[in-house]
Amino acid sequence: MNSYLNTKRPPAFCAGCGHEQIAHALDKAFAGMKLKSSKIVIVSDIGCSGLFDVFFNTHAMHGLHGRALTYATGLKMARPELIVIVTMGDGGLGIGGAHILAACRRNLDLTLLVLNNFNFGMTGGQFSSTTPADVKVASGFLNLLEHPMDICQVACSAGATYAARCSAYEAGLPNKIESGIRHSGFSLIDIWGICPGRYTRKSGLTPGQIHDSLEKLPPVSGVIKSNNRKEYGRHYREMADRQKPATPPVQVRTRFKSSQSGRQEIVILGGAGQRVITAGEIICYAGLTAGLQATQKNEYNITVLRGPSVSEIILSANPIGFLGITKPDVMIAIHQEGVKHRQALFRNLEQTTLLIQADDVDVPENAANRIVIHFDTQKIKPPDRALAAISVLAKLGKVIDSQMLQAALKLKFKDKILEASLQVAHKIQMT
Amino acid sequence: MPLYFMDGNEAIAWGAVSAGCRFFAGYPITPATTIYAAMLKLLPPLGGVCLQGEDEIASIGFCLGASMAGMKVMTATSGPGISLCSEQISFAIGSEIPVVIIDVQRLGPSTGSATRGADGDIQFLRWGSSGGLPVIVLAPSNVEDCFSLTRQAFNLAEEFRCPVFIASNKDIAMTRESVDLELSGKFEAKNRPRATRGKPFLPFHARSGSLVPDFLPIGDRTLVRQTSSTHGPDGYITTDPEIIQETRDRLQTKLTSSIQRYTFFETFIEEGSETLILTYGITARAAREVFDEQKEKGNPVSLLILKTLWPIPEVLIRKTAEPFKKIVVVEMNMGQYVGEIQRILPKKSITFVGQMDGNLITPEKIKSGVTGE
Ligand code: SF4
């Protein structure tokens, strides 16, 4: 029968190592499926199981401890036609736990062979995530304090569509591996073997004992019907096909001449839900329609539905350098939270500063030229406050004018929302 | 020209796509998340892949796998995430896997402040990997740089088969500005040199005259080996000290010997000025204002804005600094690059202006560094 083993680099495990049986079983599984070697990639983890890729004439990727599934995921998404086999020890299970859970949940068509020999063979036999508590290993008393994990149970609850538990020594291993490979979706095969180099010296574990222990456990042997669902890669491509092309960012053409010269700094001090950021964007669009450069820097709480919302806008006929605002030309105070957030700024206001202030918001002492707006009496709802406030600017011809504002609203909104926003811009009164 | 109005993160996403990136994986983290959000809109309709990893280690791991399959790949994160990526970055360096990594820096250390900027990862990007071999780090100052340097980053990653970082900053990433760009404009996207088939393929053998091994993707008709272990040209483990040293020398010189070709910078030199301001990143914008203002006042200074930070463009720095008495290094951290400048210019008087309080360094603060007041 055809073999995929690398004759130049025969398996070099310790005599009697369970990994050797698994290498041969994997070879037989490949042969049974008559796979082309260039269609197979073995992604190997770290430790003695990490030597696997070397012994086969297939594509190979060998990376960092516990991360084999991450490379395998990238490879399979990039080249869905490849058969991707991951070999990982029980050490990799522990350190790469998050990746195992994610692979089970994702159900990408990878086959994970867990070469489970209950210890870290390569580093001297320390306890791993599957070491029984009552066995003496190279970790002193520490493994007595921890409970071994049953990776098949973990896989089932994490949503794996295929899991199997077996012995490295059973005759049917090649078939079991083949079924795992044939399964369309993530398959995990937990293969118990012995590590004569480290583990069995102290534990005396034999293939017979493995057989007996497996017999006592509830069998896990393949497709997990209750978790059955679509394979991730195919599902991804199905969904991706349905996505509409991304719309490029808005592009604004110069249509008006700006009456402003130099740099204009505007700060909107608002709160969550007042659409402060949108209003800031509209000022910028308005500036752009008049050939100005614009920048917008925003600040809001991570908990977006409460707290301050602040937008800092700079419009300038020249390229804008420093993005900080120290002495605003216009300050809009429409929410107490925003004002509180930037209290210090009020000290810098001068008589030339225009302050647009909501009647229900208090501000610190300042020298600015103030206009108070009664939003509630004018029936302007909170979500329209910021827009109404910048409409005041347009009415005054300060920084932006009504033409620029209307053009900006048309760039930002469509249909009903556009109509409503034009109405707000129109109806706001300054007294 | 009609102007776009976009932020640095959007520009990075559009730049990546226009450079041929068709694979992105990331994990949500402020202030880098909107790159992921943009890639999720951009890539699937183009037949590309955009994934959310279970963590940053997985995200960059997906990228490394996809890159080995031949795709142009990118991930984006911030301080806490880039820290997790460290082992995978070493893998990409030592095993020559092209990958573009965006670090939208936020104020650290550690979790720090998610929504405050800083340039605190500048030395981390250079040295935050085991083995200490060089990487390429580019630093944008504005949205336009985000777009164009990201495109360059892809070409460099392909050409040199190495990780290339964009050291962005929250205040560029999340500040929108008007920008004159051609999103799908002409760009000569480079592809990693491909090996010719037929010959026995040695995945880590560099042809004579080249310092970078030719590439074949995993999945090709020819079998390809990739390994994070110390390897010879054939991709198998080696213990031969000669081969090991030779490879390390090659990994180092492939970047350091070609730095001239990818030294990105801007200079504003004023005759008669005695002081050179040297800076990078968002701080360059305030420095530019100082330059303009001092020029107007008739008391000019000169300015060097570095956009390639690593490998250090030593030749450029020496040549530019030569005529100046005083060098003022301005950084949005406690002093990371200034040590390099002191090393490169041992005879110059070097002043450091730094700040790490979450605010941008003001032109006034830079000026006081210039005048010593
Ligand atoms: S140390 Fe254990 S696992 Fe490693 S090769 Fe030897 S027997 Fe096998």
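So you know, we letter chains A, B, ... as the sequences are listed, proteins then strands, and number each from 1. Just so it is clear, the values below take in all heavy atoms, side chains as well, and ignore hydrogens, waters and symmetry mates.
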By residue number, those in residues 91-101 of chain A with heavy atoms under 4.5 Å from heavy atoms of chain B are A:A98, A:H99
Please determine, among A:T254, A:D53, A:I313, A:D241, the option with the most heavy-atom pairs under 4.5 Å with chain B.
A:D53
Hey, are the side chains of A:H62 and B:R225 touching, using non-hydrogen atoms and a 4.5 Å cut-off?
no
I want to check something: taking the side chain as every heavy atom from C-beta on, are A:Q243 and B:L42 in contact at a cut-off of under 4.5 Å?
no
Given that the side chain runs from C-beta out, which part of B:T115 has a heavy atom under 4.5 Å from chain A: side chain, backbone, both or neither?
side chain
Could you tell me whether a side-chain N or O of B:R285 sits under 3.5 Å from a main-chain N or O of A:G321, the two making a donor and an acceptor?
yes
Give, as side chain, backbone, both or neither, the part of B:E364 having an atom under 4.5 angstrom from any heavy atom of chain A.
neither
Side chain, backbone, both or neither: which part of B:P217 has a non-hydrogen atom closer than 4.5 Å to chain A?
both
Within the 4.5 Å heavy-atom criterion, are B:I218 and A:L82 side-chain neighbours or not?
yes
A:Y71 and B:F62 aromatic centres sub-6.0 Å:
no
Find out whether B:P45 and A:K244 are in side-chain contact, i.e. whether some heavy atom of one side chain is under 4.5 Å from a heavy atom of the other.
no
Could you tell me whether the side chain of A:R67 reaches within less than 4.5 Å of the side chain of B:E87, counting heavy atoms only?
yes
Please look at A:S44 and chain B and tell me whether the side chain, the backbone, both or neither of the residue comes under 4.5 angstrom of a heavy atom of that chain.
neither
Any heavy-atom pair between the side chains of A:P249 and B:L183 that's under 4.5 Å?
yes
Can you tell me which portion of B:L43 sits under 4.5 Å from chain A's heavy atoms? Options are side chain, backbone, both or neither.
neither
Test side-chain contact (heavy atoms from CB on, under 4.5 Å) applied to A:H59 and B:T222, B:L216, B:V224, the passing residue:
B:V224
Could you tell me whether B:D234 and A:R9 have a side-chain N and a carboxylate O separated by less than 4.0 Å?
yes
Max heavy-atom pairs within cutoff under 4.5 Å with chain B, candidates A:I40, A:I42, A:V54, goes to A:V54
Heavy-atom count around A:R253 CZ within 6.0 Å, excluding the residue itself: above 12?
no
With only heavy atoms counted, which part of B:F23 is less than 4.5 Å from chain A, the side chain, the backbone, both or neither?
side chain
B:D171 versus chain A, heavy atoms under 4.5 Å apart: side chain, backbone, both or neither?
both
Under 4.5 Å to a heavy atom of chain A? For B:M6 that would be side chain
Contact between B:L360 and A:F322 at the side-chain level, heavy atoms closer than 4.5 Å - yes or no?
yes
Got more than 12 heavy atoms from elsewhere within 6.0 Å of CZ, A:R263?
yes
Step through the shown structure and confirm whether more than 12 heavy atoms of other residues, nucleotides or ligands are within 6.0 Å of OH on A:Y300.
no
In the structure I gave you, are the side-chain heavy atoms of A:N6 and B:Y236 within less than 4.5 Å of one another anywhere?
yes
Hey, is the main chain of A:Q293 close enough, under 3.5 Å, to the side chain of B:S178 for a donor-acceptor pair?
no
Part of A:R255 within contact of chain B (heavy atom distance under 4.5 Å):
neither
Donor-acceptor contact below 3.5 Å, side chain A:Q251 vs main chain B:L3
no
Measure distances from B:A114 to the heavy atoms of chain A and classify the residue's part below 4.5 Å as side chain, backbone, both or neither.
side chain
Proximity breakdown for B:L51 and chain A, heavy-atom pairs closer than 4.5 Å:
side chain
Between the CG atom in B:L223 and the OG atom in A:S37, the distance rounded to the nearest 0.5 Å is 5.5 Å
Measure distances from B:E54 to the heavy atoms of chain A and classify the residue's part below 4.5 Å as side chain, backbone, both or neither.
both
A:R79 side chain vs B:A69 backbone, donor-acceptor pair below 3.5 Å
yes
So what's closer than 4.5 Å to chain B heavy atoms on A:L288: side chain, backbone, both or neither?
side chain
Partner chain B: residue of A:G287, A:A240, A:A102 with the largest heavy-atom pair count (under 4.5 Å)
A:A240
Report, as yes or no, whether the 6.0 Å neighbourhood of atom CD on B:E296 holds more than 12 heavy atoms from other residues, nucleotides or ligands.
no
Can A:E299 and B:R116 be counted as an ion pair, charged N to O under 4.0 angstrom?
yes
